[in-house]
Number of protein chains: 2
Amino acid sequence: MPPASPEKQVFTKYLEENGLRQTRHRMLILDSFIANEGHRSIEDIHDNVRKADSRIGYTTIYRTMKLLSDAGLAREVDLGDGMTRYEHLYNHKHHDHMICTECGRSIEFFNAQIEALQDAASEKLGFRVQDHRLQIYGLCGSCRS
Amino acid sequence: MPPASPEKQVFTKYLEENGLRQTRHRMLILDSFIANEGHRSIEDIHDNVRKADSRIGYTTIYRTMKLLSDAGLAREVDLGDGMTRYEHLYNHKHHDHMICTECGRSIEFFNAQIEALQDAASEKLGFRVQDHRLQIYGLCGSCRS
DNA sequence: CTGTGTGCAAATGGTTTGCAAAAAC
DNA sequence: GTTTTTGCAAACCATTTGCACACAG
């Protein structure tokens with residue numbers, strides 16, 4: 001048997017520490033989530049997980065994705081399309097998003113200077129930063145022509 | 001008669017240009033909106049406008065706030081409390097928000113360097129910026145102690 | 001008058017919840 | 001066997017829409 005993926009180890013540990021059970025459904029959802037990159041909606045994940053077990057319901061996806069977020073494996077992102085999406089957090093650098101208002105595609109980017117300035121600006125206002133989100137809206141390369 | 005406020009002039013012009021009518025309800029909503037600063041929900045505005053005319057319904061607030069946004073007088077902000085809020089845009093400098101995860105209060109801030117870096121980072125990725133939103137989550141001065 | 005604006009109630013759509021049955025331990 | 005988890009359906013809640021009536025131009 002191959003060693004469990006680090007994400008699975010993190011999740012298992014999280015479940016144990018919180019007195020939660022390690023169920024087959026939760027593990028299938030984790031499997032599907034780590035096997036697919038991107039900004040995935042509950043519907044996306046549900047469709048994908050159903051290939052492994054067609055009896056898994058929407059509700060369980062909602063509840064499990066919340067657990068994965070708490071466990072630090074997933075991050076909720078709001079791309080402005082009216083539904084919560086989830087992206088990988090484990091071993092993924094923090095980043096922000098540029099969202100094309102024409103085609104809806106989103107580009108991930110990271111800028112260390114912006115990050116540093118945010119911290120500095122916050123500290124100056126007496127604010128202790130926990131997290132932040134930056135979305136830039138505009139036209140992507142293909143749509144601006 | 002005092003001259004109409006600049007906001008009223010902008011809105012009137014917007015309505016004319018788009019073949020829309022200048023109704024009493026729309027003007028009352030604009031009055032209420034420009035008379036109160038802050039991040040106001042539909043419910044806030046509705047409660048306030050009803051003091052002037054108790055027959056104005058929720059629906060009209062929704063529809064009119066959308067018009068005010070289109071006219072460039074209001075901006076939708078998402079403070080993560082599950083409802084759309086509106087803030088003034090006319091003669092208000094662009095700014096971003098720090099949101100306290102403890103008390104929910106939000107602080108407005110502006111940092112020219114961050115703005116410039118965003119534009120530069122976008123341009124480098126072939127992105128033409130139209131707008132952007134930055135929310136920093138953390139603990140405000142009163143809550144961090 | 002003619003056509004737009006409005007209020008009400010009902011519909012919508014993503015998300016949450018109550019509860020009995022199923023699964024984990 | 002006891003307790004947690006799950007699926008289903010119903011509830012929720014902010015927002016939108018259909019429609020008959022009210023109002024602006």
Side-chain angles (χ1 to χ4, degrees), chain A residues 8 11-33 39-47 49-71 74-86 104, chain B residues 8 11-33 39-47 49-71 74-86 104:
Chain A
K8 208 166 276 187
F11 193 40
T12 300
K13 188 176 169 213
Y14 170 83
L15 292 174
E16 268 172 22
E17 288 177 353
N18 290 277
L20 301 171
R21 289 176 181 172
Q22 183 177 332
T23 71
R24 199 173 48 81
H25 284 182
R26 283 175 178 161
M27 291 307 151
L28 287 175
I29 293 166
L30 174 61
D31 285 344
S32 161
F33 181 64
H39 306 116
R40 309 184 58 215
S41 66
I42 295 290
E43 189 182 6
D44 292 340
I45 300 166
H46 185 246
D47 287 351
V49 152
R50 283 219 160 196
K51 290 175 188 161
D53 184 336
S54 63
R55 287 167 309 172
I56 297 180
Y58 258 79
T59 317
T60 304
I61 314 287
Y62 274 108
R63 292 192 271 227
T64 303
M65 291 316 295
K66 206 142 280 178
L67 293 179
L68 291 180
S69 301
D70 284 350
R75 180 165 86 130
E76 300 186 355
V77 289
D78 175 10
L79 299 183
D81 62 352
M83 63 188 83
T84 303
R85 291 174 174 278
Y86 293 88
Chain B
K8 209 167 276 188
F11 193 40
T12 300
K13 186 175 169 216
Y14 170 83
L15 292 174
E16 269 172 19
E17 288 177 355
N18 290 277
L20 302 171
R21 291 176 180 173
Q22 183 177 334
T23 71
R24 198 172 49 81
H25 284 182
R26 282 176 179 161
M27 291 307 149
L28 286 174
I29 293 167
L30 174 61
D31 285 344
S32 161
F33 181 64
H39 306 116
R40 310 186 53 219
S41 67
I42 295 292
E43 189 181 6
D44 293 340
I45 301 166
H46 185 246
D47 287 350
V49 153
R50 283 220 161 196
K51 290 175 188 161
D53 184 335
S54 64
R55 288 167 308 173
I56 297 180
Y58 259 78
T59 316
T60 304
I61 314 287
Y62 273 108
R63 291 192 271 227
T64 303
M65 290 315 295
K66 205 142 280 177
L67 293 179
L68 291 179
S69 301
D70 284 350
R75 181 165 84 131
E76 299 185 355
V77 291
D78 176 11
L79 299 184
D81 61 353
M83 64 188 82
T84 303
R85 291 175 175 278
Y86 292 88

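Bear in mind the structure is a predicted one, so any value in this text is a computation, not a measurement. Lettering follows sequence order; numbering is per chain, from 1.
Comparing G19(B) and H25(B) against DNA chain C, the residue whose closest nucleotide sits nearer the 5' end is G19(B). Nearest-nucleotide positions on DNA chain D place R26(A) closer to the 5' end than the other of R55(B) and R26(A).
In this entry the distance linking CD of E16(B) with P of dT4(C) reads 16 Å, nearest Å. Straight-line distance from the CG atom of L67(A) to the C1' atom of dT4(D): 12 Å, rounded to whole Å. Computed from coordinates, the M65(B) CE to dT6(C) P distance equals 14 Å when rounded to whole Å. Atom P of nucleotide dG5(C) and atom CD1 of I29(B) are separated by 13 Å, given to the nearest angstrom. Regarding Q22(B), its CD atom lies at a distance of 14 Å from the C1' atom of dC23(D), rounded to whole Å. At whole-Å resolution of the value, CD1 in I42(A) and C1' in dT16(C) are 12 Å apart. What separates CE of M83(B) from P of dT16(D) is a distance of 14 Å, to the nearest Å. For the pair R21(A) CZ and dA24(C) P, the interatomic distance rounds to 9 Å; values are reported in whole Å.
In terms of phosphate contacts, T59(A) brings no side-chain nitrogen or oxygen within less than 4.0 Å of OP1 or OP2 of dT16(C). In this structure, T23(B) does not reach the dT4(C) phosphate: none of its side-chain N or O atoms is under 4.0 Å from OP1 or OP2. For the OP1/OP2 pair of dT15(D) and a distance below 4.0 Å, the side-chain nitrogens and oxygens of K66(B) include no atom meeting the criterion.
Considering only the side chain of R24(A), dA24(C) comes nearest among dA24(C), dC8(D), dA14(D). Comparing dG18(D), dG18(C), dT15(C) against the side chain of Y62(A) picks out dT15(C) as the nearest. Nearest to the side-chain atoms of L20(A) among the listed nucleotides dT16(C), dT5(D), dT17(D) stands dT5(D). Distance from the side chain of R63(B) is smallest to dG18(D) among dG18(D), dG14(C), dC25(C).
Residues satisfying the side chain to side chain contact (heavy atoms under 4.5 Å, CB included) test with D78(B), not counting sequence neighbours, are D78(A). Residues that satisfy the ring pair (Phe, Tyr, Trp, His ring centres under 6.0 Å) test with Y58(B), not counting sequence neighbours, are H46(B).
Between H25(A) and D53(A), some side-chain heavy-atom pair lies under the 4.5 Å cut-off. Side-chain contact check for D44(A) versus R85(A): some heavy-atom pair is nearer than 4.5 Å.
Rounded to the nearest 0.5 angstrom, I45(A) CD1 and I61(A) CD1 are separated by 7.0 Å.
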